[in-house]
Structures are given as C-alpha cells and as structure tokens.
Amino acid sequence: MLKPFRGTIEFKGRQIQGMPANKIVGLGLSLCPEGRQLFPQLSVYKNLTLGAYTRRKDRKGFQQSLEQVYTLFPILQNRRNQLAGTFSGGEQQMLAIARALMSAPELLLLDEPSMGLAPLVVRNMAAVVKTINEGGTTLFLSEQNANMALMIARRGYVVENGKLVMEGLSSELRNNEKVKKAYIGA
C-alpha cells in the first residue's frame with residue numbers, strides 16, 4: 001500500500017504499486033497482516049466472509065474455501081458464530097490466516113504469524129503453514145522467529161536494517177554460523 005521509494009512492485013508481470021487493495025487481491029495476492037487486524041465485533045463466519053469479498057459472486061468457490069479453512073482450523077467451524085474478539089491470540093491468528101485464504105490466493109504474504117504466541121501454538125502454526133504451501137499456495141513469510149521460519153521454508157533471506165545481507169536455501173542458512181549466532185541463538 002506504500003509507494004516505493006524507487007523501482008516498481010510487480011506481481012504476475014503487472015505493476016501493482018498504487019493499485020487498490022481489492023484489485024491486488026483479485027490478481028491472487030493476499031496478506032495476513034502483523035497483529036491480525038480482525039474485526040473483533042464480528043463473528044468468525046463474518047470475518048471469513050470479508051476475506052472472500054473479491055469472490056462474493058462465486059458461491060461455489062466461497063464454499064470450497066470455507067471447507068478448506070474449516071479443515072485446516074476445525075475450531076473455526078465449531079465456533080463460527082463466536083465473536084472474533086473473544087478468541088485467544090492463537091485462535092485469532094488461525095482466523096487471520098483463514099480469512100486471508102478465503103480469497104484463494106496464489107501468493108499468501110504472512111507477516112509475523114508467530115508474534116506473541118506460545119511455543120506450542122507456534123509449532124502448530126508452522127505445521128499449518130507448511131500444509132498450506134504443500135496444498136499449492138506460494139507463501140512469503142516475514143518472520144523474526146528465524147528458527148521456525150527456516151524449518152518450514154525452502155529459501156530464506158536475511159534482512160538487516162532494510163538491506164538484504166544473505167540469502168540461500170533454508171537448510172544452508174540454518175547451518176550458517178553467522179545465522180545461528182545472530183538469529184537462532186545456537
């Protein structure tokens with residue numbers, strides 16, 4: 001949504017900087033934002049419906065996405081009428097990811113999905129993220145929990161103060177002494 005200082009932002013060969021968010025989502029790019037940014041006063045189902053806004057005329061696609069997110073996160077189906085604001089942090093993160101998936105994205109941007117979550121919830125979330133990717137959705141994960149990110153990603157990029165300082169296969173980065181020392185704590 002921010003204008004780049006220089007260069008362009010392209011997705012599928014089209015420049016998207018300055019494009020309205022609904023048009024970007026319509027191209028197949030969806031964001032699960034840092035801090036979840038749910039609609040706490042709305043039910044789980046209403047939050048999911050808003051995630052499918054660009055597909056509102058595609059009832060069959062909506063139902064397929066709904067079934068997909070309910071399979072990934074059964075608690076959302078069981079509590080579909082509960083207000084999102086009454087969920088725990090981990091449950092809210094599940095809902096935020098599910099809402100982003102409702103648009104059936106080709107590329108899902110996940111911004112700090114483990115932030116503020118208990119270690120067990122982080123492990124469960126990592127498994128779900130991996131399942132989403134294995135299902136055919138490309139993921140771009142921005143995550144400070146380097147160990148978790150490098151365990152589930154194929155490639156990694158280390159950014160310090162806004163500059164790319166290292167990149168490679170995640171397995172290589174996990175075994176890199178500098179990465180271990182600075183980001184993993186080994």
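What you see is a predicted model, and the numbers here were worked out from it, not measured in a lab. Just the heavy atoms: all of them, side chains too, but no hydrogens, waters or symmetry mates, feed the values below.
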Those residues at least two apart in sequence (or on a different chain) that pass side chain to side chain donor-acceptor pair (under 3.5 Å) with Y157 are R155

Q64 meets the side chain to side chain contact (heavy atoms under 4.5 Å, CB included) criterion, sequence neighbours left out, with K60

Residues 38-52 vs salt bridge (charged side-chain N to carboxylate O under 4.0 Å, His left out), sequence neighbours excluded, gives none

CG (N133) and CG (L108) are apart, to the nearest 0.5 Å, by 10.0 Å

key: Atom CZ of F11 with >12 non-hydrogen neighbours under 6.0 angstrom   = yes

Tightest non-hydrogen contact, residues R80 and S43, listed as O-CB, 3.6 Å

Residues passing the side chain to side chain donor-acceptor pair (under 3.5 Å) test with E160, sequence neighbours excluded, are Y183

A84 and L95 have their tightest heavy-atom pair at CB-CD2, 3.6 Å

Contacts of N22 meeting side chain to side chain contact (heavy atoms under 4.5 Å, CB included) (sequence neighbours excluded), chain-then-number -> P20, T54

- Query: Can I9 and Q15 be said to form a side-chain contact (heavy atoms from CB on, under 4.5 Å), step by step?
  - Reply: CA-CA 6 Å; I9 302 169; Q15 290 189 19; over 6 Å; no

### Task
Could you go through the side-chain contact (heavy atoms from CB on, under 4.5 Å) check for L110 and L31 one step at a time?
CA-CA 6 Å; L110 293 170; L31 168 68; over 6 Å; no

Residues at least two apart in sequence or cross-chain that pass salt bridge (Lys or Arg N to Asp or Glu O under 4.0 Å) with E106, listed by chain then number, are K12

Here the salt bridge (charged side-chain N to carboxylate O under 4.0 Å, His left out) pairs for residues 128-153, sequence neighbours left out, are none

Residues passing the side chain to side chain donor-acceptor pair (under 3.5 Å) test with N78, sequence neighbours excluded, are none

| said: Applying side chain to side chain donor-acceptor pair (under 3.5 Å) to S103 and R55, what does each step give before you reach the verdict? | reply: CA-CA 7 Å; S103 66; R55 304 173 66 207; over 6 Å; no

query = Under a single-linkage definition using a 4.5 Å side-chain heavy-atom cutoff for Ile, Leu, Val, Met, Phe, Trp and Tyr, are L117 and F73 assigned to the same hydrophobic cluster?
reply = yes

Nearest heavy-atom approach of E10 to T8 is OE2-OG1, 3.5 Å

Taken in chain and number order and not counting sequence neighbours, the residues that satisfy side chain to side chain contact (heavy atoms under 4.5 Å, CB included) with Q144 are E112

On a heavy-atom basis, the closest approach of S170 and L150 is CB-O, 3.4 Å

Of all heavy-atom pairs linking V122 and S114, the shortest is CG2-CB, 3.8 Å

* To do: In sequence, state the C-alpha distance, the side-chain angles, and the governing distance for L48 and V69, and then conclude on side-chain contact (heavy atoms from CB on, under 4.5 Å).
  => CA-CA 9 Å; L48 293 174; V69 300; 4.2 Å; yes

Q.
Quick check on R14: does its CZ atom have over 12 non-hydrogen neighbours (other residues, nucleotides or ligands) under 6.0 Å away?
A. no

Those residues at least two apart in sequence (or on a different chain) that pass salt bridge (Lys or Arg N to Asp or Glu O under 4.0 Å) with E91 are R79

Quiz prompt | Audit row: Q41, L83, side-chain contact (heavy atoms from CB on, under 4.5 Å) steps and yes/no | solution = CA-CA 6 Å; Q41 73 285 8; L83 298 182; 5.7 Å; no

Applying side chain to side chain donor-acceptor pair (under 3.5 Å) to Q37 and not counting sequence neighbours gives none

Of all heavy-atom pairs linking M102 and G51, the shortest is CB-C, 3.7 Å

Members sharing L42's hydrophobic cluster, built from side-chain contacts under 4.5 Å between Ile, Leu, Val, Met, Phe, Trp and Tyr, are F39, L50

